[in-house]
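So the structure is just underneath, and the comments pick up after that.
All chains are named by letter (A, B, ...) in the order of the sequence lines, taking the proteins before the strands, and each is independently numbered beginning at 1.
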There are 2 protein chains.
Amino acid sequence: MASMAAIFTKTPNPTLSFPKPSKTQFTPSFNVSFPTRSPNRCGRNPMRVSSQLISPDGGRLVDLVVDDSIKREKMKEALDLPRIKLSKIDLQWVHVLSEGWASPLSGFMKENEFLQTLHFNSLRLDDGSFVNMSVPIVLAINDLVKNRIGDSDRVALFDPDDDHPVAILSDIQIYKHNKEERVARTWGTTAPGLPYVEETIANAGDWLIGGDLQVLEPIKYNDGLDRFRLSPSQLREEFLKRDADAVFAFQLRNPVHNGHALLMTDTRRRLLDMGYKNPILLLNPLGGFTKADDVPLHWRMKQHEKVLEDGVLDPETTVVSIFPSPMHYAGPTEVQWHAKARINAGANFYIVGRDPAGMGHPLEKRDLYDADHGKKVLGMAPGLERLNILPFKVAAYDKTQGKMAFFDPSRPRDFQFISGTKMRTLAKNNENPPDGFMCPSGWKVLVEYYDSVASSDNGKIPQAATATATAALAV
Amino acid sequence: MASMAAIFTKTPNPTLSFPKPSKTQFTPSFNVSFPTRSPNRCGRNPMRVSSQLISPDGGRLVDLVVDDSIKREKMKEALDLPRIKLSKIDLQWVHVLSEGWASPLSGFMKENEFLQTLHFNSLRLDDGSFVNMSVPIVLAINDLVKNRIGDSDRVALFDPDDDHPVAILSDIQIYKHNKEERVARTWGTTAPGLPYVEETIANAGDWLIGGDLQVLEPIKYNDGLDRFRLSPSQLREEFLKRDADAVFAFQLRNPVHNGHALLMTDTRRRLLDMGYKNPILLLNPLGGFTKADDVPLHWRMKQHEKVLEDGVLDPETTVVSIFPSPMHYAGPTEVQWHAKARINAGANFYIVGRDPAGMGHPLEKRDLYDADHGKKVLGMAPGLERLNILPFKVAAYDKTQGKMAFFDPSRPRDFQFISGTKMRTLAKNNENPPDGFMCPSGWKVLVEYYDSVASSDNGKIPQAATATATAALAV
C-alpha cells in the first residue's frame, strides 16, 4: 500500500484557522474517519485506478491542478491575461472540477456540453457511451467582461476575495446564457425564489464562458475544515487502504439524526447479507452553497463529529468527508449529480431517500417535486447504470420503542414524523426532542447553533420559507 | 414486390367528404406522390422490415389497431368500460400512437416513460439501448374522471364529436400531472401564451393516465385529406416500391416556397454525390394542431399540390404525405420528435434548418429558442444516432438572380429575407412577392386563403403575436 501513497496524496494543509479542539473528542473518529493528507501531491497524470473500486466516469479521474514544475510559469501567464473575478460559488465549482468530481469534464462547460446537460442530463463520450451530467457547471460573464476578453483564447480566473489568480481557462468559448431556459430545464419551474437561482443566476451576466481549466493550486477555504475535504482520489486511496469491497455513499446537507444512522447501519447489514466482506460508508456532507435556513457546514461538521464520537455510526467502517459542491435544490435533476459525483469518488452504491435535493415550492404550498421522482429518475438515468441505487425505507420516531425505526404502515399511530420546523422550534427553545431522536451531544450542537443565530440576529431565525421537507427524512 | 402488399396495406378509405377536384391538377402528382391505399390491412403482427430501409425504433413498427377478427368483441367491451372523452388533440395522439410513429410506445405514457421523456428525452429499452422520445405523449384526466375509473384496470376512449368508442386503454396507470414541471422541462419556459399549452395543458386535469392502446379502427378525419395520411408502414411500402436506397425527410408546417424547393433539390443532389442511386424525398407536412396564425392544413395541402404540379419538385422522387402529430412549438425538444417519428416512417436522412419548431417568445421580443440549438441538439440526441442529420444552408431571395438561392455572406445586400409577416401582408393585399419566390399557382392559393380569412373574419387576419420566424426559412 505504501507505493500508492505518492500517487494519491496531496499537498499538506495550509495553517488552519479553525482552533484545535481543546478536548480530544475528535481523536477516536479522526484517525479512522477523517484521514489526514500526506505531504506529496500528484501531478495532472491520470491516477491509477484499482480494479477493486468502480472506475471513474470516462475511465480516468480528472485532476486539473497544474504540476508544481509549471506552477510559477502558469502564475506569471495568468497575470497577463484578461481577468474574470469569480464569485464564491464559482470558486466552489472550480474546486469541484479541479478534483474530478465531475469527470470527465475538464473545465466549465462549452455549449455542446451545456445543451446535452439541459436536454439529456448526460454527455456522450467519443466511444458513444454516456456519462451522467445533470446540472450545468457553467461560468457566467457580463458584456463588460466579454468585451474585455475580446479575441483572447484564454482568461485568468481570480479569487473573489484576495484578487489572486486561481486558474487559467483556455480554449475558451463564449455563448449565450439563456437564463430562463436554463432555469426551466434544470428546476422544472421558473418561479422566483429558488435559492441557487437568486444567488447565482438571476443577476448573472448574459454570457457563459466554457473552456479547459488549469488550476494553479488546490482550492482551500482556510475555515478549519480543509482537512475534511478529501478529493475523489484521496477518498479512493482511503477506501483501498481499508480494503473496501463495496463503498456506499450517503449525501446529506442536514444534521445526522438516528433515523439517518439507522438506514446507514441497515444498508451495511444488507451489503453484508449480499456477500460483501467490508462495505465502507462514505458520509459525504455537502460543503458548498446552501440556503439561508439550512444549518451551516461548520455547525453540521461539529454535529457529525459528536455523532461519530457517540458511536451512533461505526468509525471503523465510515469515512466522513466534505463534498465541495454547491446545492441547487433541483430535486430529481440534482440527485443525479449527487450520485454521479460519488461514482468518481469510488462509490458503487448510493443511498437515496424521499425527495432528495427537494424543497418546498417557492410560491405554492406544496413540495416542488414529487417525493418519489428523485428515486425513480435515479434508477433510469443514463450514465448511472454502474451505480447500485439503494432506496431507503421511511424512518420515523417509533414512540413504542422510543427510537427511530423504519415506519411500519400497519401501525401508523405509533410513529411520529419530526419536521424541520418542529426540530428547529425545539432547538431554538432549548427543548429536547424525544429520546432516541438524536444523540444528546449532537443535539446540543444544534441548540448552540440556533442560540448563536438568535443572539446575532436579534432573535430572528432564518426563515424556512422554502423548506418544507420533513427533517426526519431529509438528507 | 407483390408479396409485400398484404403486409403493408390498410383498409380502403371511407367515402371522402372532400369534393373531387374538377380539374385534373392532382393527377400528375397523385399517382406518384400520393400513393393510394390497397384494400387489405395488416393485423397487430409486427411488420416485416426490409433490410433496405432503416429499422424502426425498437426493431419493429408498432401497430395498435386491433385485428378485424376481434374488433366486434372489443367494441362491445369498450361500451361497458369507464369512459374518457378525448379532445381533438388527444385523438391526434391516438392516431400517432396507433400507426407506430412513436414506436416502440404502445400507448399513452406511463410515469416511467413520462419521466424519462422529461429528463432524458429518451427511453431505455430492455437491452439497455436508447430510443429518442422528447415530447410527452400523455392523456390528462380530471378528478371526476379519475373517480369514475375507480379500480378498473382499463378504460374506453371516446371520440370528441360522435361519442363512439375509439380505443381501449388497458393496464392503466394514473399518476400526477405536474403541469408546471411538464411545461418547464418541455418548453424551457413557463411563460403564458404557448399555443399547445394554452390549448391542451393549462385547463387539463391534474392526472395523467397511461396504458396500452387497442385502437378499434384506423383514425380518419373525413376532411378529404385522409387519403394523404399514409402511415409509417404505408410509407415504407411506398419507398420499397420505388426502390429507394435513401429516404430524406422534410418536416414542414408552412407553404412551400422556392427556398424550400431549392434545398430539397440540393439535398437530393448531395445524396446522389454521396453515391446513392435513388434518394426519395418524404415531404411530410404536419397535420395536427397548429397555432392560429399558421396556414391551415387544408390550404397548405392545396398549395403543396400546386407546387408539385408546377414541377418545382420532382414527383418521381417525392412522396407527399401528412404527418398526423400536433405541433408543440417546443424548438430543440420538439425537433427530436419530428426526426424520430420519421425514422419510424423509413427516413434515414433528416433535413433541419434554422430554428426548427421555434416561435417567438410569448412575452419578450425575441425568438424563444436560439436558432442554432435545434440543429445542434439533433446532432447530439440519444437514440438518433442512426439518422443522418442534414443541416441546410440559409436560403433567401437573391435579387441579382431573381430567385431563391443559398445566402452568400460575401454579398449580403443582394439578398432579401422575406419574413412571415411580409409574406402575409403581401398575400392579404393581393400583391405578388418577387418573381421566383414561389410558383404563381401556389401563391394564388395563399392569396385565396387570406381572402377567405379576411371575409369570414371582418378583415381580421389571425395575429402573429407568437410568430416571428422568417418564413423564407421556416419549415
Side-chain angles (χ1 to χ4, degrees), chain A residues 110-124 128-130 132 134 175-192 194 330-336 361-364 366-385, chain B residues 110-124 128-130 132 134 175-192 194 330-336 361-364 366-385:
Chain A
K110 295 187 177 184
E111 194 183 38
N112 74 340
E113 292 154 339
F114 179 62
L115 287 175
Q116 289 182 80
T117 295
L118 285 191
H119 289 277
F120 314 124
N121 288 8
S122 57
L123 302 177
R124 189 197 298 271
S129 68
F130 291 96
N132 193 269
S134 62
Y175 55 101
K176 273 179 259 164
H177 186 193
N178 184 330
K179 299 179 196 179
E180 181 188 51
E181 185 174 0
R182 174 182 172 192
V183 172
R185 295 197 192 277
T186 305
W187 278 269
T189 177
T190 57
L194 299 168
T333 301
E334 186 169 28
V335 73
Q336 297 171 66
H361 193 287
L363 301 179
E364 299 167 26
R366 62 171 176 92
D367 282 338
L368 187 46
Y369 305 106
D370 181 303
D372 291 327
H373 281 187
K375 186 165 35 190
K376 288 178 182 171
V377 164
L378 211 47
M380 301 165 172
L384 298 183
E385 298 82 358
Chain B
K110 296 188 176 183
E111 193 182 38
N112 73 340
E113 292 155 339
F114 178 62
L115 288 175
Q116 289 180 81
T117 295
L118 285 192
H119 289 276
F120 314 124
N121 287 8
S122 57
L123 303 177
R124 188 197 299 271
S129 68
F130 291 97
N132 193 268
S134 61
Y175 55 101
K176 273 178 257 164
H177 185 194
N178 185 329
K179 299 179 195 179
E180 181 187 51
E181 185 174 0
R182 174 181 172 194
V183 172
R185 296 196 192 278
T186 305
W187 279 269
T189 178
T190 57
L194 298 168
T333 300
E334 186 169 29
V335 72
Q336 297 172 65
H361 193 285
L363 301 179
E364 298 167 26
R366 61 171 175 93
D367 283 338
L368 188 45
Y369 305 106
D370 181 303
D372 291 327
H373 280 187
K375 186 165 35 190
K376 288 177 183 172
V377 164
L378 211 47
M380 301 165 174
L384 298 183
E385 298 81 359

Indicate yes or no: at least one non-hydrogen side-chain atom of A:Asp370 is less than 4.5 angstrom from one of B:Glu181.
-> no
Tell me yes or no: between the side chains of A:His361 and B:Glu180, is some donor less than 3.5 Å from an acceptor?
-> yes
Pairwise distance CG(A:Leu115) to CE(B:Met380) - rounded to 0.5 angstrom | 5.0 Å
Among the listed options B:Ser122, B:Ala191, B:Ala184, B:Ala381, the residue most often paired with chain A at heavy-atom distances under 4.5 Å = B:Ala184
Which residue out of B:Phe130, B:Trp187, B:Tyr369 racks up the most heavy-atom pairs below 4.5 Å with chain A?
-> B:Phe130
When the 4.5 angstrom heavy-atom criterion is applied to A:Arg124 and chain B, the contacting part is side chain
Between A:His373 and B:Asn178, is any pair of side-chain heavy atoms under 4.5 Å apart?
-> no
Sort A:Thr186 into side chain, backbone, both or neither according to what part of it lies under 4.5 angstrom from a heavy atom of chain B.
-> backbone
Pairs of heavy atoms under 4.5 Å with chain A: top-ranked of B:Gly128, B:Ser134, B:Pro382, B:Pro332 = B:Pro382
Rounded to the nearest 0.5 Å, what's the gap from OH on B:Tyr175 to NZ on A:Lys376? Could you check?
-> 10.0 Å
